[in-house]
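Per chain, numbering begins at 1; letters A, B, ... match sequence-line order. Predicted model only: the values in this text are computed from it and were never measured.
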Amino acid sequence: MSSSKHLIKTLIKNPTRIKSKYQAKQLHAQFIRTQSLSHTSAAIVISVYTNLKLLHEALLLFQTLESPPVLAWKSVIRCFTDQSLFSRALASFVEMRASGRCPDHNVFPSVLKSCTMMTDLRLGESVHGCIVRLGMDCDLYTGNALMNMYAKLLGMGSKISVGKVFDEMPHRKFDSEEVDDNGKSSHFDGSSGSYRVATESVESVMSCSEDLQAETCVGYYNGSRVNALSTLPLGIDSVRKVFELMPRKDVVSWNTIIAGYAQSGMYEDALRMVREMGSNDLKPDAFTLSSVLPIFSENVDVTKGKEIHGYAIRKGIDADVYIGSSLVDMYAKSARIEDSERVFFHLSRRDSISWNSLVAGYVQNGRYNEALELFRQMVTAKVRPGPVAFSSVMPACAHLSTLHLGKQLHGYVVRGGYSDNIFIASALVDMYSKCGNIKAARKIFDRMNVHDEVSWTAIIMGHALHGHGHEAVSLFEEMKRQGVKPNQVAFVAVLTACSHVGLVDEAWGYFNSMTKVYGLNQELEHYAAVADLLGRAGKLEEAYDFISNMRVEPTGSVWSNLLSSCSVHKNLELAEKVAEKVFTIDSENMGAYVLMCNMYASNGKWKETAKLRLRMRKKGMRKKPACSWIELKDKTHGFVSGDRSHPNTDRINEFLNSVMEQMEKEGYVADTSGVLHDVDEEHKRELLFGHSERLAVAFGIISTEAGTTIRVTKNIRICEDCHVAIKYISKITEREIIVRDNSRFHHFNHGSCSCGDYW
DNA sequence: GTAGGGTTAG
């Protein structure tokens, strides 16, 4: 006997030792040669093929079998599941049942995983029924897979009821009839509608799971997230029931139930289980930790998070990618972005999620440029950004108001086929509106299939920032009409909208409806918005009383907003009172010092101005210079007041001088009252014309083709005289000019501004 | 058979 024949003989005796495609084929050939390819031996060969993931070879042989044995079925089903061909796995399972074969415990984990991945709870429940009838719910792996299925599928807010399977459990028995069941006995039909699924054709199973998928999604979106949440305890209940009935539990069982609790927001239970796990002599591993860490991110508990980090280090699993990304996230959410960086750069391996955790972390900590830079590095490192990556970086573009980068990302989103993702679409709406293009924002919003409270809030805020207060308010009403419950952020948006157009009565109505209708507490932001509204509307005393009696401690910025309203409405007396409030709460508030200096100066009170300037200097404070910037052909051009450093400075001044002549012909008179230096009138005019927003607008006009929209951003509030001047410039040059200042957008067109001079 | 990252906020 040759050595190869001998080898084959041993392989037949122990097929699990086959490790290569060649050996598998030899085994297969040997059976054919010796004419011993029975159903049993074919099944062995199939299982060998599937163990090596040779699906094609396995199927070719499988198809020749008239009545495949259980081993053949379960090998194929497991292989389909391994290759993510879940619907084919389920179809095979249904066929197997119809053929009368009785599944053994090895097949259920794969089948349940496929049900989970196909989000087919109905089939999953019927499989559970089958498991119970066969008494296989005692199997460890099957039990684990069941828990996982219920945790995943009932966490999505599916409306299908649970409990049927559990109701049957007391009658559980191993039913010998069931073993030879051809799939059409009363056992299969009788107990519940879902059982019928298993007797129907493969096609109907397929379409059934698609229907269910659609239904689940509709439930998730239309039923709003509140409904989805209300079904969660049900889901975790099923998980717990399976867990408690399992006679033997291992780390995976504990990890699964812990993850279930953690994802259902039942943090106490999750942590309790971790402790209980320890008293059962099982040590938390990487899976446990990465399920538990997000709890401390959400509750911003660095101390606990660090304890977990320490434990991971002691166990030598701190470089695990899963734990790593959870740690990055936990530190970022605790405002310790440097620790996030440290963890990230110490990772031995980085996948798209670890990259994204840090990108998102940068954004959450206001490090927008770093976020964009890391995103670029990620792409360079050939890690393809997925939908989550796009929704994480997009806000960086929004906050930096960098339209060209935002548009570029939008391009990638479209090419990636992610346009319908609700997170991305909402981020795009926000990005376009923050970058000054409210029309593009609205277009994306209108094209969305479903709107949730976040997308509504983004578009409402967008219109609010662009001065379309009435539109924003009617969108808010439309949102409510469509059954989307506004949350606290939505109220911030609608109150901001009211504030920007002076809708005082409406704002009071919304403010009061928060507690009375929606059971939401008014928080600082809401008080601040109302205070701001009153101030802007010139109801300064009312605003002062309102802030003094707020149920939340006012911050310095609430007072300093009122201070700027005092400045706009030229009420020096109240301003002094308000300024003292600001200085007490926030003695470092430079804006307040500057505002008061300016108010004293514009009232000609140079002595007080000097006194205040001295106070500032003692504190080591320096005035933040006003600056404006404009983005042209991917390059940002920045200007400060009186800036002559730009290479095109002569052409800019030339343009401003020539346009000035025309402006004066049309009736423009420079209003120098806003110039707060103790200098003569002519000098004041010069200072005014050198304002950064004017320089940026001028540069934009001379650098672009006729008719191009000009978009300028300014770091502080636009100056009154520039506001008038830019209105004239828009008319004379026939340009749409959009200026974003620190609180809103001004759209200048045909000589008027979208803010209606109320800002 | 188990795990991590995302959108709106004066």
- Note on the structure: Residues passing the salt bridge (charged side-chain N to carboxylate O under 4.0 Å, His left out) test with K714(A), sequence neighbours excluded, are E693(A)

- Query: With a 4.0 Å cut-off on heavy atoms, is S357(A) in touch with a base, just the backbone sugar-phosphate, or nothing at all?
  - Reply: sugar-phosphate

- hbond_proxy S426(A) side chain to dT7(B) base (donor-acceptor, 3.5 Å cutoff): yes

- Distance in angstrom units between L327(A) CG and dA3(B) C1', rounded: 13 Å

- Task: May I ask you to say what P387(A) touches in the nucleic acid, namely base, sugar-phosphate or nothing, with a heavy-atom cut-off under 4.0 Å?
- Result: base

- In whole angstroms, the gap separating P of dG6(B) from CE of M378(A) amounts to 14 Å

- Task: Could you tell me how the ring of F511(A) sits relative to the ring of F546(A): parallel (under 30°), tilted (30 to 60°) or perpendicular (over 60°)?
- Result: perpendicular

- What nucleotide among dT2(B), dG6(B), dA9(B) has an atom nearest to a side-chain atom of K152(A)? dT2(B)

- Task: Indicate the ring-plane relationship of H463(A) and H468(A), choosing parallel, tilted or perpendicular according to the 30° and 60° boundaries.
- Result: tilted

- Task: Would you classify S743(A) as touching base, sugar-phosphate or nothing, given that sugar-phosphate means primed atoms plus P, OP1 and OP2, and contacts are heavy atoms under 4.0 Å?
- Result: base

- Task: Write down the distance between CZ (F296(A)) and P (dA3(B)), rounded to a whole number of angstrom.
- Result: 18 Å

- Query: Between dG5(B), dT8(B), dA3(B), which one does the side chain of T457(A) approach most closely?
  - Reply: dT8(B)

- Message: Can you identify which nucleotide, out of dT8(B), dG5(B), dT2(B), has its nearest atom closest to the D430(A) side chain?
- Response: dT8(B)

- Item | Per S290(A) side chain, nearest of listed nucleotides dA3(B), dA9(B), dG5(B) | dA3(B)

- When we call it a touch if two heavy atoms are under 4.0 Å apart, what does S291(A) touch: a base, just sugar-phosphate, or nothing? sugar-phosphate

- Return each pair, listed once, that meets side-chain hydrogen bond (donor to acceptor under 3.5 Å, both in side chains) where at least one residue sits in residues 422-435 of chain A; pairs must be two or more places apart or across chains. H410(A)-Y432(A), D430(A)-K434(A)

- Note on the structure: With the side chain defined as heavy atoms from C-beta on, Q263(A) is closest, among dG5(B), dG4(B), dA9(B), to dG4(B)

- Starting at CH2 of W456(A) and ending at C1' of dT8(B), how long is that distance when rounded to a whole Å? 14 Å

- Query: Any side-chain donor-acceptor pair under 3.5 Å between D285(A) and T288(A)?
  - Reply: yes

- Message: How many whole angstroms separate atom NE2 of H399(A) from atom P of dG6(B)?
- Response: 14 Å

- Task: May I ask you to say what V292(A) touches in the nucleic acid, namely base, sugar-phosphate or nothing, with a heavy-atom cut-off under 4.0 Å?
- Result: nothing

- Message: I want to check a possible cation-pi pair here: R536(A) against Y758(A), using under 6.0 Å from ring centre and within 45° of the ring axis as the test.
- Response: no

- Message: Whether K249(A) contacts dT2(B) is assessed here as follows: a side-chain N or O lying under 4.0 Å from the phosphate OP1 or OP2. Is that the case?
- Response: no

- Query: If you check the N561(A) side chain, which of dG4(B), dG6(B), dG10(B) turns out closest?
  - Reply: dG10(B)

- Message: If I take atom CE in residue M277(A) and atom P in nucleotide dA3(B), what distance separates them, rounded to the nearest angstrom?
- Response: 13 Å

- Message: Using a distance-only criterion (donor-acceptor N/O pair, under 3.5 Å, no hydrogens), is the base of dG4(B) paired with the side chain of S326(A)?
- Response: no

- Report yes if a donor N or O on one partner sits less than 3.5 Å from an acceptor N or O on the other, where the partners are the side chain of N421(A) and the base of dG6(B); otherwise report no. yes

- Query: Which nucleotide sits closest to the side chain of N255(A): dG4(B), dT2(B), dA9(B)?
  - Reply: dT2(B)

- Message: Would you say K434(A) places a side-chain N or O within less than 4.0 Å of OP1 or OP2 belonging to dT7(B)?
- Response: no

- Task: Just compare dA9(B), dG6(B), dG10(B) and give me whichever is closest to any side-chain atom of A529(A).
- Result: dG10(B)

- Taking atom types as they are modelled, is there a donor-acceptor pair under 3.5 Å from the base of dG4(B) to the side chain of D351(A)? yes

- L465(A) CG to dG10(B) P, in whole Å, measures 7 Å

- Note on the structure: Of the candidates dG10(B), dT2(B), dG6(B), the side chain of Q364(A) sits closest to dG6(B)

- Message: Do K485(A) and Y518(A) form a cation-pi contact, if we require the NZ or CZ to be under 6.0 Å from the six-membered ring centre and within 45 degrees of the ring's axis?
- Response: no

- Atom-pair distance (CD1 on I444(A); C1' on dT8(B)), nearest Å: 15 Å

- Item | Of the listed nucleotides dA3(B), dT7(B), dT8(B), the one nearest the side chain of V489(A) | dT8(B)

- Message: So is the aromatic ring of F423(A) stacked onto the base of dT7(B), judging by whether the centres are under 5.5 Å apart and the planes are under 30° apart?
- Response: no

